[in-house]
S.K.: 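Handing you a structure now.
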Amino acid sequence: MDLRERPRTGQFRRHPWELARTRFFVGVLEDAGVLAETETALDAGSGDAFFAECMASEAPSLRRMVCWDQDYDDESRSRLGIGDHRIELVREAPNERFDLILALDVLEHIEDD
């Protein structure tokens with residue numbers, strides 16, 4: 001979910017499309033053996049990090065998941081309730097290598113792709 005779409009406080013229900021999309025992509029990665037082998041991952045345009053958290057919970061070898069989104073700030077981790085210590089939220093583009101790079105629902109936000 002885009003950070004601008006997520007309520008700042010209180011409970012909310014995830015849209016069924018978001019849940020189905022997450023199940024689909026986690027399943028594809030699992031079926032391909034990617035989740036069993038990935039140690040480092042980058043989720044570009046990760047929004048509220050919901051997908052990253054779901055993927056991390058199914059990836060036994062994951063050591064580090066970097067969520068990169070231009071709208072993160074110093075309070076994002078606590079506001080989003082990210083409890084998994086392997087998940088990092090960054091605002092600036094990482095300059096390193098990753099075993100897996102995800103860019104789900106990103107292109108439609110790029111003005112001149």
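Just the heavy atoms: all of them, side chains too, but no hydrogens, waters or symmetry mates, feed the values below.
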S.K.: For the residue pair Thr40 and Arg63, what are the closest heavy atoms and their distance?
M.R.: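 Distance-wise, the nearest heavy atoms are CG2-NH2, 3.6 Å.
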S.K.: To the nearest 0.5 Å, tell me how far Arg23 CZ sits from Glu18 CD.
M.R.: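 Reported to 0.5 Å precision, the distance equals 11.0 Å.
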S.K.: Would you give the length of the straight line joining atom CD1 of Ile87 to atom CZ of Arg77, rounded to the nearest 0.5 angstrom?
M.R.: 7.0 Å
S.K.: Could you please spell out the steps behind the side-chain contact (heavy atoms from CB on, under 4.5 Å) verdict for Glu58 and Leu29?
M.R.: CA-CA 10 Å; Glu58 300 296 326; Leu29 294 170; over 6 Å; no
S.K.: Is there a path from Leu35 to Ile101 through hydrophobic residues (I, L, V, M, F, W, Y) whose side chains come within less than 4.5 Å of each other?
M.R.: no
S.K.: Do Leu102 and Phe24 belong to the same hydrophobic cluster, where Ile, Leu, Val, Met, Phe, Trp and Tyr are linked whenever their side-chain heavy atoms lie under 4.5 Å apart, directly or via other members?
M.R.: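 In one cluster: yes.
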S.K.: Going hydrophobic residue to hydrophobic residue with side-chain gaps under 4.5 angstrom, can you get from Leu42 over to Val28?
M.R.: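 As far as the 4.5 Å side-chain criterion goes, Val28 and Leu42 are not connected within one cluster.
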S.K.: Please report the shortest heavy-atom distance between Gly47 and Tyr72, naming the atom on each side.
M.R.: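 What the structure gives for the nearest pair is O-OH, 2.8 Å.
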S.K.: Between Leu62 and Arg64, which heavy-atom pair has the shortest distance, and what is it?
M.R.: CD1-O, 3.5 Å
S.K.: What's the shortest heavy-atom distance between Gly45 and Asp69, and which atoms?
M.R.: C-OD2, 3.6 Å
S.K.: State, with a plain yes or no, whether a side-chain heavy atom of Asp43 is found less than 4.5 Å away from one of Phe98.
M.R.: no
S.K.: Looking at every heavy atom in both Thr22 and Cys54, which two are closest together, and how far apart are they?
M.R.: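 That would be CG2-CB, 3.6 Å.
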S.K.: Rounded to the nearest 0.5 Å, what's the gap from OG on Ser78 to CG on Leu89? Could you check?
M.R.: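 Answer rounded to 0.5 Å: 10.0 Å.
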S.K.: Step by step, work out the side-chain contact (heavy atoms from CB on, under 4.5 Å) result for Thr38 and Met65.
M.R.: CA-CA 10 Å; Thr38 298; Met65 167 68 88; over 6 Å; no
S.K.: Nearest 0.5 Å, please: how far is SG in Cys67 from CG in Leu80?
M.R.: 9.5 Å
S.K.: Applying the 4.5 Å side-chain criterion to the ILVMFWY set and letting contacts propagate, would Ile82 and Val26 be lumped into a single cluster?
M.R.: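 Hydrophobic grouping puts Ile82 with Val26.
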S.K.: Can you tell me how far the CE atom of Met55 sits from the CG atom of Leu104, to the nearest 0.5 Å?
M.R.: 10.0 Å
S.K.: Enter the distance from Trp68:CH2 to Arg91:CZ here, rounded to the nearest 0.5 Å.
M.R.: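 Result: 12.0 Å between the selected atoms.
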